[in-house]
Amino acid sequence: NAGVTQTPKFRVLKTGQSMTLLCAQDMNHEYMYWYRQDPGMGLRLIHYSVGEGTTAKGEVPDGYNVSRLKKQNFLLGLESAAPSQTSVYFCASSLFRDNEQFFGPGTRLTVL
Amino acid sequence: GQQLNQSPQSMFIQEGEDVSMNCTSSSIFNTWLWYKQDPGEGPVLLIALYKAGELTSNGRLTAQFGITRKDSFLNISASIPSDVGIYFCAGQLSGNQFYFGTGTSLTVIP
């Protein structure tokens, strides 16, 4: 059981470039989440999914898109990266809404 | 978004000392969670609380769900060097997402 994995671990982008972050979980969880973590801000929810084929906006969704084509994968896309999107991104999954969330190791993204 | 105030922001303690940190909110939460994050890693769940007044222990860790449902505290007894890290509280409103506190950074001096 790998749990929750994220790729890549690190990435540097130039302003305006696009990229996709991949999250995969092998626990057959229904719910998946994307958070960003900034100094002094804690974790903030970007988007989440309550099952395959569904997505919903979280607290800070602007500038991001997501897709959940397969139950085990949750993709986070940045269409036109901005320096304000420099952050550490964490993916998490849970069996159901009220269950413990298991986190991945994070992706550190820098936008120049 | 919901504001979770976590205090203290940072702590420096001697090995063997007890630690206490808390989390407060102006909103009533149905669930409180406490996570620990090591450098370069994702948060790992320590304790989950589901009922007002609930007191739960996990080894040297004890957490309580406040009676008003607007706060929670976490205690660590007899701290050891591996307790170093950032501790986050997270609260869940009814049928809604989890909101995270800003974290308490713990340093244990051997």
Side-chain angles (χ1 to χ4, degrees), chain A residues 2-10 21 23-25 27 29 31-50 54-62 66 74 76 87-109, chain B residues 1-10 21-25 27 29-52 54 56 58 61 63 65 69 72 74 85-105:
Chain A
V4 180
T5 58
Q6 292 181 233
T7 53
K9 285 189 171 20
F10 304 93
L21 281 66
C23 176
Q25 52 95 4
M27 296 174 283
H29 284 173
Y31 283 63
M32 296 187 75
Y33 315 81
W34 274 107
Y35 291 90
R36 60 178 289 172
Q37 185 177 37
D38 302 296
M41 298 288 289
L43 287 155
R44 292 182 294 168
L45 184 65
I46 304 171
H47 285 282
Y48 64 100
S49 168
V50 303
T54 74
T55 63
K57 293 180 181 179
E59 189 181 353
V60 288
D62 294 341
V66 288
F74 196 28
L76 177 71
S87 188
V88 181
Y89 291 86
F90 287 100
C91 176
S93 72
S94 64
L95 186 58
F96 296 114
R97 184 190 66 201
D98 295 336
N99 291 111
E100 170 189 358
Q101 293 184 20
F102 292 85
F103 284 82
T107 294
R108 184 173 294 275
L109 175 66
Chain B
Q2 296 295 326
Q3 191 85 8
L4 289 186
N5 301 307
Q6 204 170 335
S7 65
Q9 199 170 10
S10 62
M21 59 189 80
N22 66 69
C23 200
T24 60
S25 172
S27 298
F29 286 99
N30 286 336
T31 301
W32 284 97
L33 305 178
W34 284 94
Y35 285 88
K36 180 185 180 227
Q37 185 178 25
D38 292 326
E41 305 282 336
V44 174
L45 184 71
L46 298 173
I47 291 179
L49 302 161
Y50 298 104
K51 287 195 294 191
E54 180 181 356
T56 297
N58 178 7
L61 278 61
F65 194 142
R69 293 165 63 192
S72 177
L74 175 70
I86 301 177
Y87 292 79
F88 290 99
C89 63
Q92 185 189 38
L93 298 170
S94 175
N96 213 322
Q97 68 189 59
F98 280 96
Y99 295 91
F100 284 77
T102 51
T104 293
S105 174

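Letters A, B, ... are given to chains in the order of the sequence lines, protein chains preceding strands, and every chain is numbered from 1. Note: hydrogens, waters and symmetry copies are ignored here, and every other heavy atom, side chains too, is used.
Annotation for B:R69: atom CZ counts as buried by contact number, over 12 foreign heavy atoms lying within 6.0 Å.
Interface remark: A:Q6 contributes no atoms to any contact with chain B (heavy atom separation under 4.5 Å). Only the side chain of B:Q37 comes within contact range of chain A, with at least one heavy atom under 4.5 Å from a heavy atom of that chain.
Expressed to the nearest 0.5 Å, how far CD of A:Q101 lies from OH of B:Y35 amounts to 5.0 Å. The distance from the OH atom of A:Y33 to the CZ atom of B:F98 is 7.0 Å, given to the nearest 0.5 Å. Within the model, atoms CG of B:L46 and CD of A:E100 stand 9.5 Å from one another, a figure rounded to the nearest 0.5 Å.
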